[in-house]
Structures are given as structure tokens and as C-alpha cells.
Amino acid sequence: MTRVYGVIGIKAKMANWNADFTGRPKSTSNGDIFGSDKALKYPMKKMWENEGKKVLFIKSWKDEKGAIVPKQLAERYTYLFGEITDKTPTQDVMNNLFKAIDVKNFGTTFAEKKQNISITGAVQFGQGFNKFDDTNIEIQDILSPFADSTKDDAKQSTLGTKITVDEAHYFYGFSINPKNYDEYKALLGSEFQGYTEADYAEFKKVALVSATAYSTNSKFGCENEFALFLTCKDEECYLPDLSDYIIFDSQKREIDLSELEKLIEGKYASVEVYYNPFKLSVKTSLSCFNIFTQEKL
């Protein structure tokens, strides 16, 4: 397959798509709200894991002396593929790593038991910046049903907070470069086929629905609302972050792709645009599909 570029759009309404360590929506030093690539990858990995696929870089647990603690990387690898010994060939470890669907897409840094492996993923994301003009941060006080266990004389139940945005629209640019894995084909033999059309189909599936599918207390209200996939016409197609060329009208809830269309003119074999037609309008001459049903609009 050839190189692919695209954009994934996530809507957050009374939700917190990506919090920093204070609990507030992640933002730059000048106050621009954004979501990290890790926030987007996590629901993708959870969806793959729920489907029974091998996912290496995701938190899992073990019982250690009566305590429930996270597994170490080596323990997670052993759970999926078996133990690494001093005699385990690096080629075997690499073949196993590529069997993990998250590694196949996003790459890895793996340093365990004399195995120091770094794989640059075929799929690379930028940071997802909020393009909505009027985003406000909402802080809700929450009353706990329990008294403070750290105070012997506590007579009132404790208070907590829940921090959300009233509305935000995050847009992530991404690229897929299958050639990142060409060097491994010769090293790993016929068992490894590189980044294939089947791998791309798996990525595309979770790129359209994983945020909507992943519902936690803070993520309920976060959903996939937009996606664009551009397949390059030839190997000489090199494009910047496409999310920078998306214009979002905060009053109309309209996405204007006219600047992006000028940028990509003559450089693509195909372009598909998916969006939520019930809450968004998209100004474009490109082929459009319902993001929920994948039916053409």
C-alpha cells in the first residue's frame, strides 16, 4: 500500500477528553486546549483488546503479596508471547512484537532482558488541538457519601470535583508510512509482510468508532465526529499536518475543507470524509460518508 494521510475529529461535550495531572483539560502555556496522541491511542487499544487482539502497551494487573499492582513490561510480554530467555533470538522477539496490533501500528521502545528494540511506527499522530472558539471549563462539586477516613473526628462526608469542558472539538492529523517497515522484511523473513492493507483496515475501523465506544465517567460525551483518509497517488506525495488546513465555524458547527482541497489537489488516489451529519455540516466536494453507518451521503 502507499502512504496515507488523514485527520480524526473528536467532540467532547460536558466531558474531559484528556486531563492533565491537576484534572483540568490539557492545555499549552498560552491556554490552547489540546489532546495528546496518547489520549487518542488509548481507546483504540482498548477496543482492540476487547476484540481479543494482542495489545502489548496497555495497563494490566497482577496479584502480588495480596496487593493488586500493574504488570511490568516483561510480564505483559510473557503473558502474550511467552518468556524471554538469554537464548531467545532478537528476530523472534521482533516477530512477536509485530504480532501485537498496537506495536504494528504505533511502534515501540522495548528494552528487556538484553533485548533493546526500537520500532518507529507506521502510524504517527500529531497533537489534537481544540478548534472550538467558545470552550469553557466547568468545575462541579461532588458530595461523597463517606466521611474522611484520615480524620478520626470527621463529622461530614467529603467533597470532590469533576472537571469538564462544556464543548470542545479536537482535530488530530496523522500519517501512515508503510515504508517504515521495509527494512524489517529482510531481517524477519517471510513471516513478516510489513504494514498491509489488512492492518490499515483495522486502524481505519477503530479510527472511526473507538472514542464513541469508550465510555467512562469522564469520557462519556466524547465521540468520533469526523475523519478524513487520503490515499496518496504515488510515493512522491509528502503532505504536512492536514488538521492545520481544516477551518471550523464554531457558530454553525461547520467544517470547511476548501483550503485542504487546494493543498491536496492532484496528489491523491482517493479521499474519504466521514462525519456526524446530525450535528455537523461539512463544506467540501469530496466523497462523504455517515461516520456511524459508513453509508455514502
Side-chain angles (χ1 to χ4, degrees), residues 1 4 8 18 36-125 172 174-216 219 224:
M1 61 174 288
V4 174
I8 296 173
N18 188 196
S36 73
D37 60 313
K38 310 298 187 297
L40 184 60
K41 290 174 184 175
Y42 185 77
M44 292 181 173
K45 291 190 284 186
K46 285 300 293 184
M47 188 169 181
W48 281 325
E49 184 185 44
N50 291 340
E51 292 174 346
K53 297 180 173 65
K54 291 185 185 333
V55 177
L56 179 61
F57 284 86
I58 198 163
K59 186 178 285 186
S60 56
W61 304 91
K62 64 178 180 177
D63 184 347
E64 187 174 85
K65 298 178 181 179
I68 305 298
V69 297
K71 288 181 180 178
Q72 298 174 2
L73 175 57
E75 293 169 328
R76 180 69 181 173
Y77 178 94
T78 299
Y79 169 76
L80 292 175
F81 305 113
E83 187 176 0
I84 298 175
T85 69
D86 292 337
K87 296 181 180 180
T88 302
T90 299
Q91 286 87 346
D92 289 355
V93 176
M94 291 187 71
N95 268 316
N96 284 335
L97 289 175
F98 277 118
K99 290 174 185 174
I101 193 167
D102 58 323
V103 175
K104 189 68 174 291
N105 280 276
F106 309 135
T108 182
T109 298
F110 186 86
E112 292 289 339
K113 281 205 173 185
K114 299 182 180 179
Q115 303 288 347
N116 194 347
I117 300 170
S118 179
I119 297 170
T120 300
V123 180
Q124 296 294 329
F125 287 107
Y172 288 87
F174 70 86
S175 66
I176 303 177
N177 184 8
K179 284 192 170 295
N180 281 0
Y181 296 160
D182 282 357
E183 62 180 310
Y184 300 114
K185 291 180 182 178
L187 293 172
L188 302 180
S190 59
E191 185 177 350
F192 181 67
Q193 300 298 313
Y195 196 83
T196 66
E197 291 286 351
D199 295 321
Y200 174 50
E202 282 291 342
F203 167 78
K204 189 175 179 182
K205 179 184 69 177
V206 296
L208 288 170
V209 301
S210 58
T212 306
Y214 183 65
S215 291
T216 64
K219 299 296 188 295
N224 296 89

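A quick note: this is a predicted structure, and the numbers were derived from the prediction, not measured. Throughout, residue positions are numbered sequentially from 1 according to the sequence presented.
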One should read off an interatomic distance between I176 CD1 and N105 CG, to the nearest 0.5 angstrom, of 7.5 Å
Any side-chain heavy atom of I117 sitting closer than 4.5 Å to one from L97? yes
Around atom NZ of K62, are there more than 12 heavy atoms of other residues, nucleotides or ligands at under 6.0 Å? yes
Please give me the minimum heavy-atom distance between K59 and P70, naming the atom from each residue. CG-CB, 4.3 Å
So which heavy atom on T88 is nearest to which on T85, and how close? OG1-N, 2.8 Å
With heavy-atom distances below 4.5 Å as the criterion, would you say the side chains of K45 and F106 are in contact? yes
Only one of E49, E51, K53, K54 clears side chain to side chain contact (heavy atoms under 4.5 Å, CB included) with I101; which? K53
Search all heavy atoms of M1 against all heavy atoms of V4 and return the closest pair with its distance. CE-CG2, 3.7 Å
For the residue pair M44 and V123, establish whether any side-chain heavy-atom pair is separated by less than 4.5 Å. no
Assess the pair F203 and F174: is the distance between their ring centroids shorter than 6.0 Å? yes
Nearest non-hydrogen partners of A39 and Y172, listed with the distance: CB-OH, 4.1 Å
Would you sort out whether L56 and L73 count as a side chain to side chain contact (heavy atoms under 4.5 Å, CB included), showing the intermediate values? CA-CA 8 Å; L56 179 61; L73 175 57; 4.2 Å; yes
Measuring from E191:CD to Q193:CD, what's the distance to the nearest 0.5 Å? 9.5 Å
Within 45° cone of F81 ring axis and under 6.0 Å: K99 NZ or CZ: no
Please examine the side chains of Y77 and V93, heavy atoms only from C-beta on, and report whether any two atoms are closer than 4.5 Å. yes
Heavy-atom count around K204 NZ within 6.0 Å, excluding the residue itself: above 12? yes
Would you say that F110 contacts I84 through its side chain, given a criterion of any heavy-atom pair below 4.5 Å between the two side chains? yes
How close do A207 and N224 get, heavy atom to heavy atom, and via which atoms? O-ND2, 3.0 Å
Closer than 3.5 angstrom, by distance alone: can the side chain of N180 be matched with the main-chain N or O of G121 as a donor-acceptor pair? yes
Taken to the nearest 0.5 Å, the spacing of E75 CD from T78 OG1 works out to 7.5 Å
Going by heavy atoms in the side chains, are D37 and Q124 under 4.5 Å from each other? no
Name all residues meeting the ring-ring contact (aromatic ring centres under 6.0 Å, His included) criterion together with Y42; count only those two or more places apart in sequence or in a different chain, and write none if there are none. Y214
Nearest heavy-atom pair of T109 and F57: which atoms, and what distance? O-CZ, 3.9 Å
Rounded to the nearest 0.5 Å, how far does NZ of K41 lie from CD1 of I58? 13.0 Å
R76 side chain vs V55 backbone, donor-acceptor pair below 3.5 Å: yes
Please tell me if the side chains of M94 and Y184 come closer than 4.5 Å, counting only heavy atoms from C-beta onward. yes
Between atom CG of L187 and atom CD of Q91, what is the distance when rounded to the nearest 0.5 Å? 7.0 Å
What residues, two or more places apart in sequence or in another chain, satisfy ring-ring contact (aromatic ring centres under 6.0 Å, His included) together with Y181? F98
Reported NZ-to-CD distance for the pair K104 and E202, which is rounded to 0.5 angstrom: 10.5 Å
Scan residues 83-97 for pairs that pass salt bridge (charged side-chain N to carboxylate O under 4.0 Å, His left out), counting only residues two or more places apart or in two chains. E83-K113
